[in-house]
Amino acid sequence: MRSPEDRGLRESAIFNRAAIAAIQQAAETGIYDIRGWGAKRDVPHFDDLVFLGSAISRYPLEGYRERCDTDVTLGEMNASKPMKLDIPITIAGMSFGALSAQAKEALGRGASAMGTSTTTGDGGMTEEERGHSSKLVYQLLPSRYGMNPDHLRKADAIEVVVSQGAKPGGAGMLLGQKISERVAEMRTLPQGIDQRSACRHPDWTGPDDLTLKIQELREITDWEKPIHVKVAASRPYYDTKLAVAAGADVVVVDGMQGGTAATQEVFIEDVGIPTLAAIGPAVRALKEMGVHRKVKLIISGGIRTGADVAKALALGADAVAIGTAALIALGDNDPRWAEEYEKIGSAAGYYDDFQAGNDPAGITTQDPELAARLDPVEAGKRLANYLQVLTLEAQTLARACGKSHVTHLEPEDLVALTIESAAMTGLPLAGTDWIPGRNGGF
Amino acid sequence: METLTQTTVEFDLAEKPVRELNQELHNPTATNYKVLNPRGEHSVAVGINDPIEVEIEGDVGYYCAGMHQHGTVTVNGMAGPGVAENMMSGTVHIKGHASQSAGATAHGGLLIIEGNASTRCGISLKGGDIVVKGNMGSKSAFMAQAGRIVVCGDAGEDIGDSIFEARLYIRGEVASLGADCVRKEMREEHREELVQLLKDAGMEEEANDEAYVDSFTRYGSARTLYNF
Ligand SMILES: Cc1cc2nc3c(=O)[nH]c(=O)nc-3n(C[C@H](O)[C@H](O)[C@H](O)COP(=O)(O)O)c2cc1C
C-alpha cells in the first residue's frame, strides 16, 4: 500500500501524528504522560554554529602531533582538595533507582578509565558506584533520599541540585515499579509506592540561605571539597550570579534538552530554555563578577559529539556533562533489542520510557533479569571509547583553531548559521558581522 | 576516641572562628566541649562523628549540629533554622525555641526542643525522632517518611501534608491537617513508643502519668497518595 504522503494526503504541522496520539491517549486515560529522555522538539542547538578553523590570518596546530591539553581543575578557589579531570566531559547525576546498579558501575568504570567524574543522583551513593568511580560527585537534592554525612565525606565533590533542565521547578519522580526493596530501603520509603520527590530544599529557600547551606557543607567536610551548584537553564544570568555569590566553586547549567528518568512530558517540552541560549548569560555573569575560568561552568543538555563539546567550551564553558549520550554509549536504544522495544510499544531509537522499569537494554530498570543483560565491564569500555572520541574530536577542532588547550577556544572561533542562534549566542551570523539585537540590529 | 580520658575543653567563639571549632570537633582531643559566645553564628558544631558531648552557651544561627552523628549537642539558648538537619544518630537538645526546619530530613537520633518549634519542623523526616515540649508551627512533618514527632503543645496548619510512614503524637490542638494526613487510633504499641520518647526526652514524670499520655492523639498517613 502507498504511504499517505504518496497518496497526496497532508499531515497537519500543528496536529501532527504525535499531537494526535497525545490527545487520544489523554482522552482515553485521563492521566498525563510521564516519560524519560529530554525535550524532543527542535530547538536552536550547537548544530546551528560552525567553527571557522584557520586561514591566512590564523594558523592551526598540527592535527595529530602538537600538544592540545584537555584537563580542567574544579574547586581551586575554596577547596583544599580540588578535583582534577583529565577531560572536560563529566558524567551527569543519574540516580541509582532510575538506573540499575550495573549501569551505575559501568558509568564509573568508563569515566574512571578516562580520568573523569561521575555523579550520584536522587537516591544516595551506592558502594558499587563509589568503588568504581575514581572521582565521584555527591548530590545534595531536595529529597535528601539516602543523604548521609559518611558519604559526603567520601565524595570528591558535592553538588547542590537546585533544579534540572528537564523540569525547572519540578522534582524527581520514581514510579512504583522501580522501587525495589533495595531502592526503597535507600530512600526510606515503602516498596512499590510512586515516589515523588520534593521540588524545594527542606531547609533553605533563596540565595542567602544557599550561602549558609554551602558554608555548612564546607564546614562538615573541613573545606576539602569543591562545591557545585546545579541549576536548570531558566534565568542563567541571575542564577549564575547568585550561585557564585553563595560560594559555589562550580556552576552547572542544564539546558531544557537535558535528560531525565521520569518527568511529565509537558515539563520536558515546555519549561526552561535551550542549552545554547543559556551559556552566554552564564558566562556574562561570571565575567562581570571577575571569576570566569575561576569559578568553573559546566554545561549540559543535548551534548552528543566532540563538536558540541568544543562549541560549549568556545562559548565559555569549562566542561560539559552528559547523561543521555552516556546511556546510549552503554547500550540504550541499541537495535539489537529492536523486537523487544516493539513489544512494549516503542522502537529502537525512540525508546524513552525510562520511568517504566522494563528497559530491554537493562539500563533504566531494577528488574534483576533485565539488569543482568548489561555487562558493566563491557559497557564501561563502550563508554570509555565514546568519551575518547568526544575528546579527540574536541581536540581536533581546537587544534584547527590554533589552540593548545581545549578551553582556549573562544567565541571568535565560531559563527552562527541561523538568526536565532546568532541572537541567542551573541555570535555573528555566518558571512556577516551582524549579531541580531546588538550592533544596529532591530 | 577510645583513648580519650574524660576532659572538658572550653572553646570561645569570640576568640576563634567556627571553622576551628568544627575542625577540633571532627578530630576531638577531649570528650566534652563547652562553646562560649556563639552569638548566632551559623554551622556551629556541624558534622560531629564521635560520641562527644558539646554544650553551647548561647544562641546559634543556621544549621547548628547539622548532619550530627553519635554525640550529644546541647544548646543553652535558641537555635536558628535547620538545627540538627539530616542528623543520623545521637542527641541534640535545644533548651530554648527552635526556628524553622528543625530536624529536617533527620535519618536517626533524637532532637529535643524544650520551647516551641517553628514551621516545617521534621520536614521530610527519614527516621529520626523529635520531641517538642512547646508548640509546633505550620507545615511541619511535610512529606515525613519515617520517624516520630511528639508535640506536647499545639500544632499549626497543614500538619503532615503528604506524609508517608512517620508517626505524629500531638497533645494539644491541631489547627489543620495537610493532604493525606489523618487522625489515627492509639494502640498499645503506640502508647509504649510515646512513653519511651517522653522518657528519652527527660519527661519521666509525664511519661508515668497515664492521663497525660492519654491526652495525646496519633496522626499519620491515610496512604491515598501512594500511587497515581
Ligand atoms: C536516567 C536519568 C536520570 C537522571 N537523574 C538525575 C538525578 O538524579 N539528579 C540530577 O540532578 N539529574 C538527573 N538527571 C539529569 C542529568 O543529570 C543531566 O542533567 C542531563 O541528563 C543532561 O542532559 P543530556 O541527557 O542531554 O546529556 C538524570 C538524567 C537521566 C537521563
Side-chain angles (χ1 to χ4, degrees), chain A residues 29-32 34 80 124 140-153 171 173 175-177 179 184-206 208-224 262 264 355, chain B residues 17-19 21-23 25-27 41-49 61-64 66-69 80-89 99-108 120 122-127 139 142-147 162 164-166 221 223 225-228:
Chain A
T29 61
I31 299 173
Y32 54 41
I34 294 171
S80 65
L140 180 93
L141 294 118
S143 72
R144 309 278 167 89
Y145 292 134
M147 184 68 217
N148 186 326
D150 293 336
H151 294 163
L152 200 66
R153 286 183 276 262
M173 196 181 256
L175 300 190
Q177 55 269 39
I179 311 271
E185 197 196 310
M186 278 179 72
R187 299 183 186 215
T188 334
L189 281 167
Q191 219 177 318
I193 73 161
D194 291 334
Q195 168 256 288
R196 282 156 282 181
S197 324
C199 64
R200 288 198 307 262
H201 280 264
D203 57 354
W204 67 269
T205 42
D208 296 334
D209 285 7
L210 176 60
T211 308
L212 300 177
K213 192 75 213 169
I214 289 176
Q215 182 203 24
E216 183 206 9
L217 294 169
R218 290 200 194 281
E219 285 294 330
I220 290 171
T221 53
D222 294 326
W223 292 74
E224 281 179 354
Q264 299 91 326
Q355 83 291 348
Chain B
V18 168
R19 195 157 157 180
L21 168 68
N22 285 325
Q23 291 191 344
L25 298 179
H26 297 167
N27 297 291
E41 288 265 18
H42 309 299
S43 301
V44 174
V46 294
I48 288 177
N49 195 20
Y62 277 56
Y63 308 129
C64 176
M67 303 212 191
H68 181 74
Q69 280 169 299
V83 63
E85 66 87 15
N86 211 85
M87 82 186 280
M88 305 298 288
S89 60
S99 183
Q100 59 191 3
S101 300
T105 78
H107 285 66
R120 293 171 209 281
I123 181 172
S124 252
L125 192 70
K126 291 171 168 54
K139 304 272 181 204
F142 174 65
M143 287 180 91
Q145 298 171 219
S162 307
F164 293 97
E165 296 294 300
S221 180
R223 305 191 178 97
L225 295 179
Y226 278 16
N227 291 96
F228 278 111

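Chain letters run A, B, ... following the sequence lines, proteins first, then strands; residues in each count from 1. Every value quoted in this text rests on a predicted model; they were computed, and no experiment measured them.
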Please flag which part of [X] lies under 4.5 Å from any non-hydrogen atom of chain B: side chain, backbone, both or neither.
X	result
A/I31	neither
A/P202	both
A/W223	side chain
A/L140	side chain
A/S197	backbone

Separation of [Y] [atom2] from [X] [atom1] (nearest 0.5 Å):
X	Y	atom1	atom2	value
A/H201	B/S124	NE2	OG	11.0 Å
B/N86	A/L152	CG	CG	9.0 Å
B/Y63	A/I220	OH	CD1	10.5 Å
B/H107	A/N148	NE2	CG	7.0 Å
B/R120	A/D203	CZ	CG	11.0 Å
A/Q177	B/N227	CD	CG	9.0 Å

Contacting region of [X] [heavy-atom separation from chain A under 4.5 Å]:
X	result
B/Q23	both
B/R19	both
B/M143	side chain
B/Y62	side chain

Indicate yes or no: at least one non-hydrogen side-chain atom of [X] is less than 4.5 angstrom from one of [Y].
X	Y	answer
A/M147	B/K126	no
A/P149	B/M88	yes
A/L217	B/M67	yes

Most contact-rich option vs chain A, by heavy-atom pairs under 4.5 angstrom, among B/Q100, B/R223, B/E165, B/H42, is B/H42
Give a yes or no answer on whether the side chain of B/Q145 reaches the backbone of A/R187 with a donor-acceptor pair at less than 3.5 Å. yes
When only pairs under 4.5 Å are counted, which of A/I193, A/D150, A/L175 shares the most heavy-atom pairs with chain B? A/I193
Of all of A/I34, A/T221, A/D209, which one pairs up most often with chain B through heavy atoms under 4.5 Å apart? A/D209
What verdict does the side-chain contact (heavy atoms from CB on, under 4.5 Å) test give for A/R153 and B/H26, after you've listed the backbone C-alpha separation in whole Å, the side-chain angles of each residue and the deciding distance to 0.1 Å? CA-CA 11 Å; A/R153 286 183 276 262; B/H26 297 167; 5.7 Å; no
